[in-house]
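First up is the structure itself, then whatever we jot down about it.
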Amino acid sequence: MITTRTLGTTSPLTVSALGLGCMGMSEFYGSTDEAGATATIHRALDLGVTLLDTADMYGPFTNEELVGRAIAGHRDDVQLATKFGNERLADGTRLGINGRPDYVRRACDASLQRLGVEYIDLYYQHRVDPSVPIEETVGAMAELVAAGKVRHLGLSEAAPATIRRAHAVHPITALQTEYSLFTRDLEDEILPTLRELGIGLVPYSPLGRGILTGAITAESLEPGDSRATAYFPRLNGEALQANLALVDRVRALAEAKGCTPGQLALAWVLAQGEDVVPIPGTKRVRYLEENVGATEVVLSAGDLAALAEAVPRGSVVGARYGDMGSIDV
């Protein structure tokens, strides 16, 4: 059983030190298998992983339904996080980012129905809508808290000034953004802002979309896996080859440490503070168990220094998205 950590200080939420990202169980990362995904969620609960992360746009909509079915009878054992804001139709059509108050209310009610629950533990704005003042969006989210439909509020990929404005309307419990050995830009302004305001950090893609596990090569991704497209520049072409050389350095350190590259990379994220709760995603029990093993990897100052030397900040080739227009808004 893994330990717990607390996200936020003004509106604190205690969760498992490691969460489970459920997105890939329904879309984006190749083939899907609901039975395998459900078994992964159940195994996560057995191991003490209680923070489950989904979103309405995953599927779209089907990932919330899958998670809802998997946690039936286990509601009191989980902290359920979902998101709104990346508006899609049932056929997958993307309508853009929507932060309008009326949409916030409708999206929450729809998520509650799909999840089969009476409340959401942590409700995120998935991306900031630059056409709607953040005060209006968070004001609508605060109404959901007052109505008992949501317990805690979060943002994703928000800029420091936006975080401050949102937090002034209602306490923000957590910011979800990408953070890993391969993505460290938030250390300049975003992380200090979170710590000043008492907001927790929930890193998604803490394994660099899997590359830090050492299992990804130019040939390894399944047909239909979005990571093989230009949307993820770091995982394609010459950038991928350059970044795999960095992974080789992590692999060598992991072998010396007696763990896998992925465990070492996750241990690094966990070592960044007790207010940090990464949510590595997987749809397979064996990878879940490997990820949970990272919580037992203790890093010394020497280990951290060796990782900093192996993967210098700024050494990763390529942007994390092909279009960064909705990031840090």
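Counting from 1, the numbers follow the sequence of the chain as shown. A quick note: this is a predicted structure, and the numbers were derived from the prediction, not measured.
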_Tell me if the CD atom of Glu187 is crowded by more than 12 foreign heavy atoms within 6.0 Å._
yes
*Out of curiosity, Thr54 OG1 to Ile41 CD1, how far, rounded to the nearest 0.5 Å?*
8.5 Å
_Distance-minimising heavy-atom pair for Pro171 and Leu153_ = O-CB, 4.1 Å
*Do the charged groups of Asp109 and Lys149 touch, with an N to O distance under 4.0 Å?*
yes
*Think Arg227 forms a cation-pi with Tyr29, using NZ or CZ under 6.0 Å from the six-ring centre and within 45 degrees of its axis?*
yes
*Do you know which two heavy atoms are closest between Leu307 and Leu299, and how far apart they sit?*
CD1-CD1, 4.2 Å
*Shortest non-hydrogen contact from Gly19 toward Pro280*: O-CD, 3.6 Å
*Just how far is it from atom OG1 of Thr82 to atom CG of Asp121, taken to the nearest 0.5 Å?*
11.0 Å
*Is the CD atom of Glu118 crowded by more than 12 outside heavy atoms at less than 6.0 Å?*
no
*Would you call Lys257-Glu296 a salt bridge at under 4.0 Å N-O?*
no
*Looking at CG of Asn63 and CZ of Phe28, how far apart are the two atoms once the value is rounded to the nearest 0.5 Å?*
9.5 Å
_Name the residue from Ile190, Val202, Leu7 that meets the side chain to side chain contact (heavy atoms under 4.5 Å, CB included) definition with Leu175._
Ile190
*Side chains of Glu157 and Ser326: do they bring a donor and an acceptor to under 3.5 Å?*
no
*CG-CD1 distance between Asp185 and Ile327, expressed to the nearest 0.5 angstrom*: 9.5 Å
*Taking atom types as modelled, is there a side-chain donor on Thr9 or Arg195 under 3.5 Å from an acceptor on the other?*
no
*Checking side chain to side chain contact (heavy atoms under 4.5 Å, CB included) for the pair Thr3/Thr295: CA distance, chi angles, key distance, verdict?*
CA-CA 8 Å; Thr3 59; Thr295 63; over 6 Å; no
*Which distance, rounded to the nearest 0.5 Å, do you find between the CG of Leu240 and the OG1 of Thr217?*
7.5 Å
_N-O pairing of Glu143 and Arg105 below 4.0 Å_ = yes
_Regarding Ser156 and His126, do their side chains bring together a donor and an acceptor under 3.5 Å, going by distance alone?_
no
*Do the charged groups of Glu64 and Lys83 touch, with an N to O distance under 4.0 Å?*
no
*Cation-pi check, Arg151 onto Tyr119 ring (under 6.0 Å, within 45° of axis)*: yes
*asked:* Let's go through Leu18 and Val277 carefully: what are the C-alpha distance in whole Å and the side-chain angles of both, what is the deciding distance for side chain to side chain contact (heavy atoms under 4.5 Å, CB included) to 0.1 Å, and is it a yes or a no?
replied: CA-CA 6 Å; Leu18 194 76; Val277 178; 5.9 Å; no
*To the nearest 0.5 Å, tell me how far Arg286 CZ sits from Thr40 OG1.*
11.0 Å
*SB check Glu178 Arg209 (cutoff 4.0 Å)*: yes
*So, Glu309 and Arg249, do they make that salt bridge, N to O below 4.0 Å?*
no
